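Note that this is a predicted model, so its numbers are computed, not measured. Note that these values count all heavy atoms, side chains included, but never hydrogens, waters or copies made by symmetry.
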Amino acid sequence: LFNGKTVQVYLNSDLPKNAEMVTVLGGIQNVMKFLGMDIELSDEYPKSGDALILSTFEPDDDVQALIKKFDLEFDGSTVNIPGFGDVGQSGNTFIVLNTTSKGNQVGLFAEDLNGITFLLGIIQSGDLSSCLTQDYIAVCSTGYSETDLSSSDFDFGFGDETATEVPVE
């Protein structure tokens, strides 16, 4: 996947650099160490060398260049992928592989950090069998979508009754 000893990691501008991201980046570092590589965090979009690009479905201008190479079109709640058509963003993630003589770029696209973490697991395992692949694009389902997890879909039969305190003996 990567040819060099160092992989640059670039975060799309809308990804937070919070505790959850530190956990994600630590996971990337562990995977790369296992593969005999180091990571280098990059504030600027990598122009050459091996790179891992992490992005939501709202890519910044630099990540747009990578998307254009694959003719991907992000349109509200869907992504238009040549050969697949419109694929819903919710519950799906995307991997693109851009191979050049200057290095390989792997782009991971997801709705949120949970989706990116999911994709890192796929990258770590090297198993794309659960993904729909075509050329250098993979569409992988997370198995759930935000709309699937709406609290209004769950009725536990409690209604609006107030709880009764039960004495503990």
Side-chain angles (χ1 to χ4, degrees), residues 1-2 7-35 37-46 50-70 72-81 84-98 104-156:
L1 190 59
F2 297 115
V7 176
Q8 300 170 76
V9 178
Y10 175 78
L11 306 178
N12 191 62
S13 60
D14 70 337
L15 287 172
K17 293 181 181 176
N18 58 17
E20 189 176 4
M21 179 57 77
V22 169
T23 302
V24 168
L25 294 173
I28 294 170
Q29 187 174 40
N30 286 334
V31 169
M32 293 304 161
K33 277 185 183 179
F34 177 76
L35 298 173
M37 295 179 232
D38 295 317
I39 68 166
E40 178 181 286
L41 299 178
S42 178
D43 285 333
E44 295 191 19
Y45 189 83
D50 291 330
L52 184 61
I53 312 299
L54 309 180
S55 180
T56 63
F57 295 136
E58 296 179 21
D60 59 29
D61 292 340
D62 291 322
V63 177
Q64 284 286 350
L66 177 62
I67 291 169
K68 287 179 183 176
K69 291 180 181 183
F70 295 93
L72 300 176
E73 294 179 25
F74 290 80
D75 183 28
S77 62
T78 62
V79 178
N80 184 282
I81 301 173
F84 291 140
D86 289 335
V87 177
Q89 291 178 3
S90 188
N92 288 309
T93 57
F94 307 90
I95 302 171
V96 297
L97 172 62
N98 182 36
N104 295 335
Q105 291 180 327
V106 175
L108 305 181
F109 297 90
E111 201 166 19
D112 53 29
L113 281 177
N114 291 332
I116 289 174
T117 302
F118 171 80
L119 285 176
L120 289 172
I122 289 176
I123 297 292
Q124 182 177 6
S125 72
D127 183 9
L128 293 173
S129 64
S130 65
C131 303
L132 184 58
T133 61
Q134 177 177 306
D135 299 324
Y136 294 98
I137 301 172
V139 179
C140 310
S141 171
T142 59
Y144 69 91
S145 70
E146 292 299 318
T147 56
D148 292 340
L149 301 176
S150 170
S151 62
S152 64
D153 292 339
F154 300 101
D155 180 8
F156 297 108

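Judged purely by atom type and a 3.5 angstrom limit, Thr142 uses its side chain to pair as donor or acceptor with the backbone of Gly91. A distance-only check finds no donor-acceptor pair linking the side chain of Gln89 to the backbone of Glu111 [under 3.5 Å]. At distances below 3.5 Å, not a single donor-acceptor pair connects side-chain atoms of Asn104 with backbone N or O atoms of Asp50.
Nearest heavy-atom pair, Met21 versus Pro16, reported as atom, atom and distance to 0.1 Å: CB-O, 3.2 Å. Across every non-hydrogen atom of Pro46 and Ile53, the tightest pair is CD-CD1, 4.0 Å. Scanning all heavy atoms of the two residues, the minimum distance from Val87 to Phe84 falls at CG2-CB, 4.0 Å. Nearest heavy atoms, Ser141 versus Asn92: CA-OD1, 3.6 Å. Smallest separation of non-hydrogen atoms from Gly115 and Thr93: O-CG2, 3.8 Å.
The aromatic rings of Phe74 and Phe94 sit perpendicular, their planes meeting at an angle over 60°, well past the 30° parallel limit.
The salt bridge (charged side-chain N to carboxylate O under 4.0 Å, His left out) check on Asp43 picks up Lys17, with sequence neighbours excluded. Looking at residues two or more places apart in sequence or on another chain, you find a side-chain hydrogen bond (donor to acceptor under 3.5 Å, both in side chains) between Asn98 and Gln105. Under the rule for a side chain to side chain contact (heavy atoms under 4.5 Å, CB included), the partners of Asp60 that lie at least two apart in sequence or sit in another chain are Tyr10, Asn12, Ser13, Asp62, Val63.
Looking only at side-chain heavy atoms (C-beta outward), Val139 and Gln134 stay at 4.5 Å or farther from each other. The shortest distance between side-chain heavy atoms of Leu120 and Val24 falls below 4.5 Å. For the pair Leu66/Tyr45, a side-chain contact is recorded, criterion being any heavy-atom separation below 4.5 Å from C-beta on. By the 4.5 Å heavy-atom criterion applied to side chains, Val106 and Phe2 are counted as neighbours. Inter-residue side-chain proximity for Phe70 and Asp135 is flagged as unmet; no heavy-atom pair is nearer than 4.5 Å. Looking at Ile122 and Phe118, their side chains come closer than 4.5 Å, going by heavy atoms from C-beta outward.
Within the model, atoms CD of Glu40 and CE of Met32 stand 13.0 Å from one another, a figure rounded to the nearest 0.5 Å. With rounding to the nearest 0.5 angstrom, the CG atom of Leu119 is 7.5 Å from the SG atom of Cys131. Atom CG of Leu52 is separated from atom CG of Leu11 by 9.0 Å, given to the nearest 0.5 angstrom. Annotation: the span from Leu15 atom CG to Leu25 atom CG amounts to 9.5 Å, rounded to 0.5 Å. In this structure, NZ in Lys68 is found 10.5 Å from CD in Glu73, a value given to the nearest 0.5 Å. Here the OG1 atom belonging to Thr78 is positioned 4.0 Å from the CG atom belonging to Asp86, to the nearest 0.5 angstrom.
Around CG of Asp61, the count of heavy atoms belonging to other residues, nucleotides or ligands within 6.0 Å does not exceed 12. Within a 6.0 Å sphere centred on OH of Tyr136, heavy atoms belonging to other residues, nucleotides or ligands number 12 at most. Around atom CD of Glu58, no more than 12 heavy atoms belonging to other residues, nucleotides or ligands sit under 6.0 Å away.
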For this session: Go through the steps to decide whether Val7 and Ile28 satisfy the test side chain to side chain contact (heavy atoms under 4.5 Å, CB included), and finish with yes or no.
Result: CA-CA 10 Å; Val7 176; Ile28 294 170; over 6 Å; no
